[in-house]
Structure formats: C-alpha cells, structure tokens
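Beneath this line is the structure, given in structure tokens, with notes to follow.
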Amino acid sequence: MSKELTSRKEDYSKWYNELVIKAGLAEHSAVRGCMVIKPYGFAIWEKMKAVLDARFKATGHVNAAFPLFIPKSFLSKEADHVEGFAKECAVVTHYRLKNAEDGSGVVVDPEARLEEELIVRPTSETIIWNTYKNWIQSYRDLPILINQWANVVRWEMRTRLFLRTAEFFWQEGHTAHATSEEANDEALLMLNEYANFMEQYMAVPVIKGRKTENERFAGAVETYTTESLMQDGKALQMGTSHFLGQNFAKAFDVQFQKKDGGLDYVWATSWGVSTRLMGALIMAHSDDDGLILPPKLAPIQVGIVPIYKTDEQAAAINEKVDEITKALAAEGITTKYDDDDSKRPGFKFAQFEMQGVPVRLGLGPRDLQNGTIEVARRDTKEKSSQSLDGIVDYVKNLLDEIQENIYNRAFEHRAAHTSTVDNYEDFKSVIKDKGGFVKVKWCGSNELEDKIKDETKATIRCILMDDESEGKCFYSGEAATQTVLFAKAY
RNA sequence: CGGGGUGUAGCGCAGUCCGGUUAGCGCAUCUGCUUUGGGAGCAGAGGGCCGCAGGUUCGAAUCCUGCCACCCCGACCA
C-alpha cells in the first residue's frame with residue numbers, strides 16, 4: 001500500500017475512498033455494499049452519538065428499541081411510503097437451513113417458508129405506528145417522544161463507504177402529538193438541534209430548508225433538511241426531520257380522544273441522522289495529507305511523539321510526557337503517546353496527520369534542555385516551539401482555535417461557492433464549471449425540476465426557510481413563489 | 001438490469017497473447033545489527049487450492065466451456 005493519498009485535485013472521489021481506508025475508519029466487508037466500521041472510525045461515531053443522545057434527552061426524548069424485521073404487509077399501508085422504499089428492501093422468506101443432500105453445504109429448507117414474509121427495516125415508521133396504536137387512547141397519552149439507535153438496510157445499487165451503504169447505522173426519532181402545530185414545532189426543534197450539532201461539533205456549516213415535493217421523504221407532508229457543501233462543490237444532505245401530518249396515524253388507525261371530546265388522528269414526526277455524517281465530516285475538512293478532525297469529535301486530540309537516541313534520553317522524555325499527559329487529562333483532553341520504538345518519528349508524524357489528530361507534540365533532548373516542546377497543528381500544519389510551562393493552557397486554547405478555524409474555512413468555502421443567478425444560461429455554466437450552490441427564484445414546478453435535473457444533473461437541495469417570494473422564476477419567468485438552492489448532490 | 005473491466009502471497013501488481021525448470025516483483029510481516037528533530041539502511045527468513053468446476057494435453061496461471069465474485073460507467077437513492 002502506498003503511503004500517499006491521491007490528491008483531491010487529481011481525483012476527489014478516489015482521494016475520499018483511499019482516505020477512509022488509510023485513516024483506518026472503515027473498509028469493505030465480504031458482504032456487498034456493507035462496510036466494517038473499524039475501531040478508529042467507530043470512536044468518532046461514538047462521540048457523535050454521545051453528543052446527539054444527550055441533546056435528545058435534554059429536549060425530552062427517551063430511547064427505545066423496535067424490531068429489525070417488519071411484516072411485509074405493514075409497509076404497504078401508507079401508499080407513498082411503500083412506493084418510496086419497496087424497490088430497495090431485503091426480504092426474509094425462510095427461517096431454517098438444512099444440509100444439502102449432495103453434501104455441498106447448507107441450503108435453504110424449502111419446507112421452512114414463512115407464512116408472511118418479513119422485510120428488513122429500511123426505516124421504522126410502520127412498525128412503530130403499529131405499536132403506537134396500542135399506546136395511544138387519549139390526549140393524556142401524548143406526546144410520545146421516542147428515539148431509537150439502530151441499523152437499517154436499503155438495498156442500494158451503488159455504494160460508497162459511509163456516504164451510501166446497504167446497511168447503515170443511524171438514529172430515528174418518532175414522535176406523536178395531539179396537534180398539527182405541536183408536531184411541526186417538534187420537527188423544527190430537531191432540525192435546529194441537528195444544525196447546531198453539525199456546526200458546533202462537526203464544524204460543518206449547514207443551510208436549513210424544506211425539501212420540494214420531489215425530494216420529500218416518502219410519506220411526509222413536509223421534509224426539513226440540513227444541507228452542506230463539500231470541497232468538490234457537491235452538496236451533501238446531512239440530516240432530515242419530517243412533519244408526517246396524520247399520514248401514518250391514518251394508515252395505522254391511531255386515533256385519540258381529545259380534551260374537548262371527539263376523536264382525532266394523531267400528528268407525527270420522524271427525524272434522523274446516519275453514519276453518513278462520517279462522510280460529511282471526512283470530506284468537509286480533510287486535505288491531501290489525510291484526515292482533519294474537529295477537536296470536539298477527535299478520539300485523540302493530542303498525539304505525542306518522543307525523539308531520542310539513547311535509553312537515558314528516552315527515559316527522561318517518558319517521564320516528562322507522563323507529566324504532560326496527566327495534566328492534559330485533568331483538563332479532559334485525550335492524548336496518545338506513540339512510544340513504539342520500531343517506528344521513527346517521521347513515520348509517526350505522518351501517521352497522526354493521516355488520522356487527523358488536531359494537535360501533535362514532539363519532545364526531544366533539545367526540548368528538555370531548553371524547557372520547550374514542539375507543537376504542530378493539523379489544520380494549518382504550522383509548527384512552533386512552546387515553553388513547557390503553561391503547555392496545557394496553550395494546547396487547550398489551540399484546540400478551541402482549530403475547532404473555530406476549520407469551521408470558518410468551511411464557511412468561507414461555501415460562501416465562495418454559492419452563486420446567485422437569474423437565467424438558465426448562467427445557471428448551466430455555473431453548475432458545469434464552478435459547482436457549489438446556485439441560488440435562484442423558483443416558480444415551484446415539479447416538471448421543471450425534473451427537466452433541469454435531466455439536463456444538468458443538479459437538483460433542488462432545499463427551499464430556503466426565510467424565502468422572499470418576490471420576483472420571477474429564473475427558468476420559466478413565471479411569478480416566483482420561493483427561493484431555492486440547486487446543486488449537484490451526493 | 002444494460003455496457004466495460006478485473007480475479008496470481010496480507011496489500012498493489014507482472015507473467016496469460018504464443019502451454020514447458022522450483023510462479024516472480026514492490027510494499028507489508030518476522031529475525032539480527034546499525035538507526036531515530038518529517039514516511040530509515042543492510043543482511044537473512046517465512047508466506048501461493050494462480051476466483052471455482054469441468055475439459056483439451058505427456059504437461060495448464062497460460063487454451064476451451066460453464067459458473068461465481070468484485071470494480072468502473074449508466075437507470076435508483078440518506
């Protein structure tokens with residue numbers, strides 16, 4: 001395996017694939033389209049999970065677990081929903097294997113066919129609403145605010161590590177409410193929680209908006225989304241939050257007794273983010289030397305490399321590093337001391353860089369003599385010599401600075417790659433040559449959206465929340481009803 | 001599902017056209033010595049159902065037939 005990555009300029013897609021492998025985040029498994037998330041990659045996901053889970057709980061939600069399998073008939077109860085997912089479902093048809101008669105191994109036992117086939121959940125609305133039906137009789141049972149952390153399966157044609165895999169991990173929130181307004185507020189609340197997490201922890205700026213009918217979740221009345229822009233100018237949908245109206249309540253006949261008497265169907269939301277966030281995190285910040293992680297999500301915040309010739313020097317360095325590590329740990333900063341004697345310092349520097357460790361410390365005999373330590377920051381690759389006294393405060397501040405810097409960098413990149421146009425010629429040339437988001441006035445026609453997609457590959461990523469609907473549609477010249485962002489997307 | 005490509009050591013590949021010693025190279029691994037402030041050097045060692053199953057042949061990684069898997073490009077998607 002070569003030590004270098006393909007550069008982003010040369011082949012962005014290849015760069016991404018190699019980076020995921022070489023940074024030790026994930027790899028392809030024996031099962032087509034399914035990945036193995038390796039310990040280092042999973043450590044990042046766990047940090048994301050911990051922050052999100054705490055936010056869900058702080059906003060009143062609780063966790064629960066629903067089955068992996070869903071009776072096939074459930075899926076078809078909501079018409080749009082089945083249409084959206086039917087084409088990518090894994091189906092369980094049998095429950096037993098037996099030894100092949102010719103001794104060639106095991107075969108499916110044809111006697112063991114399931115009465116009703118089960119599908120592996122592509123999402124859990126149906127099984128959950130079938131359950132909620134039993135839990136809800138009165139307005140006193142509402143709201144229900146439940147989240148589950150789970151894996152789901154969507155049989156994708158073409159997959160890419162983290163960005164699109166046949167099996168992926170996510171969380172799905174499913175809430176039930178007495179009023180339309182309350183449910184819609186919930187969907188917006190979670191959209192904001194997502195956006196805050198993405199910006200404050202992942203250091204990825206996002207645009208909040210609504211999906212067009214074409215792009216909406218199958219079964220939703222309204223889909224809210226957080227959209228980000230990657231370094232290659234393509235957009236990535238990071239998380240979605242859906243106002244489901246009464247669609248699932250009606251499909252599963254979930255009614256409740258209102259306070260003032262009378263029955264009504266329950267109002268619903270669902271919202272989710274997946275391991276796709278890993279893909280966004282990787283693509284948003286990293287460079288040709290490897291991963292760049294935001295300090296708040298980096299499993300290792302500070303990597304430490306000893307430089308020595310003699311055993312005496314090594315012993316003295318070990319002692320000093322031990323001191324520093326403990327002082328950093330006391331401030332809640334995670335470190336990794338790479339004292340592997342079989343590797344040379346240069347190799348370790350490159351390794352920490354590939355893994356995106358935000359800050360690297362180098363300590364050698366010269367430093368011990370001068371009371372200094374070498375500090376290298378991953379985001380800018382700047383190196384400096386700092387006094388050993390006060391190194392903890394220095395590192396602490398530096399981590400904050402890196403977190404801020406990579407956010408600002410991503411923000412500026414997005415600003416530089418967001419164009420506003422008012423005619424189709426300009427639109428086509430921007431999409432083709434520059435990429436990024438293209439902001440336009442829009443008349444709201446589904447057919448036009450499809451046509452533009454066919455011609456340019458660009459789709460409407462979102463309808464801006466605070467849209468001023470003045471002016472004319474950039475394509476049809478009709479009165480514009482909204483402002484939208486187009487982009488080529490992942 | 002259509003079109004193209006690839007299966008040879010843990011990884012990346014050569015060899016296949018035109019059959020013929022013991023199947024080779026780089027990286028990685030192991031042992032030893034020298035090294036260590038930006039991906040170390042030398043010496044030695046281990047590691048192969050040549051994707052699978054048939055066939056042709058004195059002889060098959062190489063030729064023929066069938067199958068399987070994976071990758072890329074399209075249609076579909078968080």
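Chain naming here is simple, since letters A, B, ... match the order of the sequence lines and numbering starts at 1 in each. Note that the structure is a prediction, hence the values are computed from the model and not measured.
- Of the listed nucleotides (G37(B), U35(B), G39(B)), U35(B) has the atom at the smallest distance from the side chain of Asp341(A).
- At the heavy-atom level, Ser342(A) lies nowhere under 4.0 Å from the strands shown.
- Listed nucleotides: G38(B), U29(B), A78(B). Nearest to the side chain of Lys343(A): U29(B).
- The listed nucleotides are G39(B), U36(B), G37(B); the one nearest the side chain of Asp367(A) is G37(B).
- With U35(B), C71(B), A78(B) as the choices, the nucleotide that has an atom nearest any side-chain atom of Arg344(A) turns out to be U35(B).
- Not counting sequence neighbours, the partners of Lys320(A) by the salt bridge (charged side-chain N to carboxylate O under 4.0 Å, His left out) test are Glu323(A).
- For Phe347(A), the side-chain atoms get nearest to G39(B) when compared with the rest of A78(B), G39(B), G37(B).
- Using a 4.0 Å heavy-atom criterion, one finds that Glu156(A) contacts the bases of the nucleic acid, with or without backbone contacts as well.
- For Met157(A), the side-chain atoms get nearest to A75(B) when compared with the rest of A78(B), A75(B), G37(B).
- Partners of Asp450(A) according to the salt bridge (charged side-chain N to carboxylate O under 4.0 Å, His left out) rule, which considers only residues two or more places apart in sequence or in another chain, do not exist here.
- If you check residues 35-49 of chain A against RNA chain B, you find no residue with a heavy atom closer than 4.0 Å.
- Contacts of Phe168(A) with the nucleic acid, taken as non-hydrogen atoms under 4.0 Å apart, include base atoms.
- Out of A78(B), G37(B), G38(B), the shortest distance to the side chain of Arg276(A) is found at A78(B).
- Within the 4.0 angstrom heavy-atom criterion, no nucleotide atom of any strand lies near Leu236(A).
- You'll find that the side chain of Lys457(A) is closest to A75(B), out of G38(B), A78(B), A75(B).
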